[in-house]
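Below: the structure, in structure tokens.
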Amino acid sequence: MKKLLSMIFVVAMALVIVSCGSGGSSDDTVSTAKGDSLFGNFTAQTISGDKVDQTVFSGKKLTMINVWATFCSPCINEMPELGEISKEYADKGFQLIGIPADVTDNNGGLDKDMVAKAKKIVKQTKANYMHILPSTDLINAKLSDVSSVPETFFVDEEGNQIGQSYVGARSKSDWKKIIDELLKSVE
């Protein structure tokens, strides 16, 4: 079963490689209604090795989850501004979480070299927000549905999706408009 899940994830990531893009247009969204639980109960670890679960969303009105990849230039190019947004909105009940999608090996485990590469990118881009490594729980719940990177979606403090998924990178000002609108909707 683990090998099958790994193979599905590898195929999905191959599709992601082909579709890495800068996005930014209104056509690059995936509609999802409010209230769709994305992850359910999960366990995973952060890029620094700390254990996390679904309670990571608790106490934050809005969490932005940005799925990125180490090979994706648009992903990496937007990370410095995402780091700035994370700091600017920290006192507004907002947090940002990154998920590097391409750090697993063919058996579904973490590839240490790829994790090290992701850590280096996070440091270089000053993306000083939490980055969660893909776990089987996360892959089964949502990540296997990600068809291109970056893909960004938002959840409330219970992990329910708010609004739509956004495919492609965006400017800081575009993200701020989206975040401001979504924060108003969860108040």
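The chain is numbered in sequence order, starting from 1.
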F153 and S165: which non-hydrogen atoms are nearest, and at how many Å?
CB-OG, 3.7 Å
Here the gap from L82 atom CG to I97 atom CD1, rounded to the nearest 0.5 Å, amounts to 13.0 Å
Might you work through the side-chain contact (heavy atoms from CB on, under 4.5 Å) test for L143 and V67, ending with a clear yes or no?
CA-CA 8 Å; L143 297 181; V67 182; 3.9 Å; yes
Can you find a heavy atom in the side chain of I76 that is under 4.5 Å from one in the side chain of T125?
yes
Can you tell me how far apart CG (L138) and CD1 (I132) are? Round to the nearest 0.5 Å.
6.5 Å
Salt-bridged, K61 to E187, with N to O below 4.0 Å?
yes
Is there side-chain contact between T152 and M64, with heavy atoms separated by less than 4.5 Å?
yes
Indicate yes or no for a side-chain donor-acceptor contact from D50 to the backbone of T46 under 3.5 Å, with no hydrogens or angles considered.
no
Which atom of P134 lies closest to which atom of L110, heavy atoms considered:
O-CD2, 3.8 Å
Please lay out, stage by stage, how N66 and E78 fare under the test side chain to side chain donor-acceptor pair (under 3.5 Å).
CA-CA 10 Å; N66 178 257; E78 79 173 341; 3.2 Å; yes
Just wondering, do W68 and I99 contact through their side chains at under 4.5 Å, heavy atoms?
no
Could you check if a side-chain atom of P100 sits within less than 4.5 angstrom of a side-chain atom of L133, using non-hydrogen atoms only?
yes
Would you say I121 and M79 make side-chain contact, with heavy atoms under 4.5 Å?
yes
Would you call E81 and K176 a salt bridge, taking side-chain N to carboxylate O under 4.0 Å as the test?
no
Starting from the C-alpha separation in whole Å, work towards a yes-or-no answer on salt bridge (charged side-chain N to carboxylate O under 4.0 Å, His left out) for K172 and E88.
CA-CA 11 Å; K172 181 178 178 180; E88 291 172 20; 2.6 Å; yes
Step by step, work out the side-chain contact (heavy atoms from CB on, under 4.5 Å) result for F42 and V56.
CA-CA 10 Å; F42 71 89; V56 71; 4.1 Å; yes
Could you report the tightest heavy-atom contact between F39 and K142, atom names first, then the distance?
CE2-CB, 3.6 Å
Test side chain to side chain donor-acceptor pair (under 3.5 Å) on S135 and D137 and set out the steps.
CA-CA 5 Å; S135 66; D137 292 340; 4.7 Å; no
To the nearest 0.5 angstrom, please state how far the CG atom of D111 sits from the OG1 atom of T104.
8.0 Å
I162 and S185 have their tightest heavy-atom pair at CG2-OG, 3.9 Å
Checking I178, T63, I65 against F154 for side chain to side chain contact (heavy atoms under 4.5 Å, CB included), the one that qualifies is I178
Should the heavy atoms of other residues, nucleotides or ligands under 6.0 Å from NZ of K120 be counted, would the total exceed 12?
no
Can you tell me how far CH2 of W175 sits from CD of E84, rounded to the nearest 0.5 angstrom?
15.0 Å
Distance col, row K51:NZ vs Q45:CD, nearest 0.5 angstrom, shows 6.5 Å
Heavy-atom closest contact (F57 atom, D156 atom, distance)
CB-O, 3.7 Å
Is K92 positioned over the aromatic face of F94, cation under 6.0 angstrom from the ring centre and no more than 45 degrees off axis?
no
What distance separates T70 OG1 from K117 NZ, expressed to the nearest 0.5 Å?
4.0 Å
Looking at every non-hydrogen atom in both residues, tell me the closest pair between I47 and K119 and how far apart they are.
O-CE, 2.8 Å
Do side-chain atoms of T55 reach the backbone of S58 as a donor and acceptor pair under 3.5 angstrom?
no
Show your working on side chain to side chain donor-acceptor pair (under 3.5 Å) between Y89 and D180 and close with a plain yes or no.
CA-CA 10 Å; Y89 282 79; D180 288 339; 2.7 Å; yes
